[in-house]
Protein chains: 2
Amino acid sequence: MRHAPSNEESESGEERTKIQGSQTLLRGLDMLDKVIDGPVKLADLSAAMGLTRSTTHRLANALADRGFLTFLPREGYQLGPKLLQLGFLAQSQADIVRIARPRLEALAARSEDTVHLGRLDTDLALYLDKIPGRRRVDISSRIGDRHPLSSTGLGKALLLDTPEAEWPALFEASRARGAPAVDYAAWAERMRGYVAAGHAYDLEENEDLIRCVAAPVRDASGRIIAAISLSSAAQYMDDARMAALSGEVRATADQIGTDLGWVPGARPNRRPRR
Amino acid sequence: MRHAPSNEESESGEERTKIQGSQTLLRGLDMLDKVIDGPVKLADLSAAMGLTRSTTHRLANALADRGFLTFLPREGYQLGPKLLQLGFLAQSQADIVRIARPRLEALAARSEDTVHLGRLDTDLALYLDKIPGRRRVDISSRIGDRHPLSSTGLGKALLLDTPEAEWPALFEASRARGAPAVDYAAWAERMRGYVAAGHAYDLEENEDLIRCVAAPVRDASGRIIAAISLSSAAQYMDDARMAALSGEVRATADQIGTDLGWVPGARPNRRPRR
DNA sequence: AACACCGTATCATATTGTGGAACGTCGATG
DNA sequence: CATCGACGTTCCACAATATGATACGGTGTT
């Protein structure tokens with residue numbers, strides 16, 4: 001085959017692995033990315049791919065034939081129905097607990113502390129998984145437990161996208177469910193900091209002498225569907241360590257999100273599904 | 001390249017188009033289908049594809065590299081996170097009204113009658129689109145209208161998957177919303193027939209002298225997310241014609257569903273999302 | 001230890017994919 | 001009404017890319 005004229009490196013600066021011996025497949029797969037925000041005409045598509053119109057057309061047609069692309073006569077190529085089907089199937093195969101487990105174990109191993117995974121359940125945080133740390137610290141939580149949102153790191157992480165207007169109601173609900181009585185104004189002020197930082201702390205508000213760092217997990221829709229937290233005795237968790245750990249906890253949460261189809265940079269999509 | 005040893009026709013009886021000149025891409029895309037029900041080991045995958053282990057491995061790796069497959073060390077290959085991302089994006093691009101329009105127009109043109117598209121809105125049928133037929137018949141419906149479920153073909157089609165236990169409540173709600181007072185037992189008996197047939201009729205229950213044939217539209221999850229109906233004056237709609245049209249209406253509804261990622265044969269998935 | 005299983009790497013071969021160019025087809029423009 | 005331009009489609013000679021036989025290196029099982 002003739003090679004592309006001095007197109008050794010892509011002009012659009014993207015650097016994708018070669019995987020040697022699958023050029024056609026990789027080009028086809030990458031083509032789907034070029035179509036993610038609406039219909040694209042063949043000419044634009046070939047320009048974006050750095051390929052000739054012939055090649056682009058052949059690939060696009062193959063993708064369309066299998067339903068990965070839809071061709072709209074006067075608009076261009078668009079994501080096709082096959083992706084809806086496979087996306088749904090992938091969704092049903094994606095069990096958060098199973099997906100998250102290895103990442104959580106790695107985090108627990110590195111930090112030697114206890115890691116939790118949980119999600120929102122009406123107005124409580126439901127604990128889905130727990131990896132005990134190496135240190136002998138009693139963290140009195142069990143899988144299946146429900147804890148108040150306002151007084152746990154995990155719960156606060158779950159709320160990071162919730163509009164502030166809804167905070168008072170949730171705060172009250174938490175108090176009714178056993179959260180300690182603290183001043184709302186002070187709590188909300190701290191929450192604003194957590195929202196800005198993208199993670200949440202828990203500073204002995206719930207169980208005495210336990211501190212934790214928590215971060216939200218997002219799925220393909222960008223919504224927060226779960227959160228993880230790393231807990232330890234306050235003696236092992238001074239402010240400096242919490243700050244140091246927060247990046248790692250966020251990174252782990254983001255990795256899990258990526259496994260679930262979340263795309264870090266993508267336009268935030270906060271609207272609830274349907 | 002060496003060709004596959006006498007593997008001219010696939011053993012698994014599937015017949016897929018050639019599209020000449022995209023073998024690698026097509027093989028890769030088809031590979032995703034072999035993985036739809038859980039992790040598959042490399043050996044099984046190559047067997048299912050009718051390819052050598054080498055080739056299978058190369059393709060699977062390319063797919064995994066781009067996130068279309070996930071490799072689980074001791075289980076095999078599985079649908080990957082990229083499909084979740086693209087599936088979600090495809091979903092947000094898939095506007096039912098726009099997708100359905102050409103199909104509805106074709107149906108309206110063929111039958112010369114009025115076609116409606118609608119979906120469930122709490123306990124009413126919300127009309128999303130309307131293509132007037134050629135015949136001059138007053139169908140007093142407008143886009144945005146809400147009509148009772150129990151007394152419209154469209155509404156009944158929307159209920160075809162609803163457990164019978166919930167029928168009485170919905171029937172009562174419809175009556176409260178203006179549906180004519182008919183006998184529940186008789187209505188339920190007719191509904192059972194519609195459920196078995198996969199389509200619904202409306203026989204002058206709502207507007208006098210109007211009859212219609214309706215069918216449900218399913219999405220990738222298998223759930224009924226909308227319905228279409230074909231309405232005409234009773235004089236043009238004798239029982240024979242209704243029977244003849246029901247197949248065509250169902251076919252159109254199914255085509256729209258396919259555009260939305262629905263797969264005809266797939267295991268029915270009735271459980272609500274989340 | 002020997003074995004079976006599974007994923008990975010290598011490499012000569014020619015099949016497959018490539019891109020240039022020409023063709024159709026539709027609307028818009030002069 | 002003719003010409004043009006934009007866009008998708010088809011064709012084809014050429015060689016780069018994809019292929020599959022074979023061999024390798026892990027890990028758990030007998």
Side-chain angles (χ1 to χ4, degrees), chain A residues 1-11 16-31 34-35 38-66 69-78 80 102, chain B residues 1-8 10-11 16-31 34-35 38-66 68-78 80 102:
Chain A
M1 310 158 177
R2 236 154 284 151
H3 57 264
S6 76
N7 201 24
E8 190 64 24
E9 44 182 329
S10 167
E11 54 201 43
R16 325 210 75 166
T17 357
K18 274 284 168 188
I19 293 278
Q20 197 184 69
S22 305
Q23 190 182 82
T24 313
L25 176 53
L26 291 177
R27 282 177 170 177
L29 297 179
D30 292 345
M31 186 173 282
K34 311 291 184 188
V35 157
V40 178
K41 307 217 187 203
L42 184 63
D44 301 333
L45 197 54
S46 63
M49 297 284 302
L51 299 173
T52 60
R53 292 214 316 291
S54 326
T55 304
T56 308
H57 174 257
R58 191 164 2 88
L59 297 177
N61 249 20
L63 288 166
D65 182 75
R66 292 301 195 260
L69 287 182
T70 302
F71 177 64
L72 299 146
R74 197 146 294 275
E75 312 182 49
Y77 292 90
Q78 207 190 3
Chain B
M1 311 155 176
R2 235 155 284 149
H3 58 265
S6 78
N7 200 24
E8 191 64 24
S10 166
E11 55 200 42
R16 324 211 78 166
T17 354
K18 276 282 171 186
I19 294 277
Q20 200 186 67
S22 304
Q23 190 183 83
T24 312
L25 176 53
L26 292 177
R27 281 177 170 178
L29 297 179
D30 292 344
M31 186 173 282
K34 310 292 185 189
V35 158
V40 179
K41 308 218 184 202
L42 185 64
D44 301 334
L45 197 55
S46 63
M49 297 284 301
L51 299 173
T52 60
R53 292 219 321 291
S54 323
T55 303
T56 308
H57 173 256
R58 189 164 5 87
L59 296 177
N61 250 19
L63 288 165
D65 182 74
R66 294 299 194 263
F68 288 78
L69 286 181
T70 301
F71 176 64
L72 298 147
R74 198 144 296 274
E75 312 182 49
Y77 292 90
Q78 205 190 2

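Every chain is numbered from 1, with letters handed out A, B, ... down the list of sequences.
Nearest to the side-chain atoms of B:L51 among the listed nucleotides C:dT16, D:dG20, D:dA23 stands D:dG20. Out of C:dG20, D:dT10, C:dT8, the shortest distance to the side chain of B:Y77 is found at C:dT8. Closest contact between the side chain of B:T52 and the listed nucleotides C:dG7, D:dA21, D:dG8 involves D:dA21.
For A:R53 and C:dG19, a side-chain-to-base donor-acceptor distance below 3.5 Å is absent, hydrogens and geometry of angles not being considered. The base of C:dG17 does not come close enough to the side chain of A:R58 for any donor and acceptor atom to sit less than 3.5 Å apart. Judged by distance alone with a 3.5 Å cut-off, a donor-acceptor contact links the side chain of B:S54 to the base of D:dA21.
Here C:dC6 presents its P atom at 7 Å from CG of B:D44, a figure rounded to the nearest Å. Rounded to whole Å, atom C1' of C:dA9 lies 13 Å from atom CG of B:L42. Atoms NZ (B:K41) and C1' (D:dG28) sit 11 Å apart, rounded to a whole Å. C:dT16 atom C1' lies 16 Å from atom CG of A:L26, rounded to whole Å. If you take CG of B:L72 and C1' of C:dC6, they are 14 Å apart, rounded to a whole angstrom. Rounded to whole Å, the distance from CZ on A:F71 to P on C:dT25 is 15 Å. As rounded to whole Å, 10 Å separates atom C1' of D:dT17 from atom CZ of A:R27. The separation between A:L45 atom CG and D:dA6 atom C1' is 16 Å, rounded to whole Å.
The residue A:R74 sits close only to the backbone: its heavy atoms come under 4.0 Å of sugar-phosphate atoms, none of a base.
One finds the CG atom of B:L59 at 11.0 Å from the CG atom of B:L26 (value rounded to the nearest 0.5 Å). Atom CZ of A:F71 and atom CG of A:L63 lie 13.5 Å apart (nearest 0.5 Å). Between the CZ atom in B:R66 and the CG atom in A:D30 there is a gap of 4.0 Å [rounded to 0.5 Å].
Within the structure, a side-chain polar atom (N or O) of B:Q23 is placed less than 4.0 Å from OP1 or OP2 of D:dT19. For the OP1/OP2 pair of D:dT17 and a distance below 4.0 Å, the side-chain nitrogens and oxygens of B:T24 include no atom meeting the criterion. For the pair B:H57 and C:dT8, the criterion of a side-chain N or O lying under 4.0 Å from OP1 or OP2 is met.
Nearest heavy-atom pair across B:V40 and B:K34 is CG2-O, 3.4 Å.
Of the two residues contacting DNA chain D, namely A:L25 and A:E75, the nearest-nucleotide position lying further toward the 5' end is that of A:E75. Mapping B:A43 and A:T55 onto DNA chain C via the closest heavy atom, the residue that lands nearer the 5' end is B:A43.
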Please walk me through it: do B:T70 and B:Y77 pass side chain to side chain contact (heavy atoms under 4.5 Å, CB included)?
-> CA-CA 6 Å; B:T70 301; B:Y77 292 90; over 6 Å; no
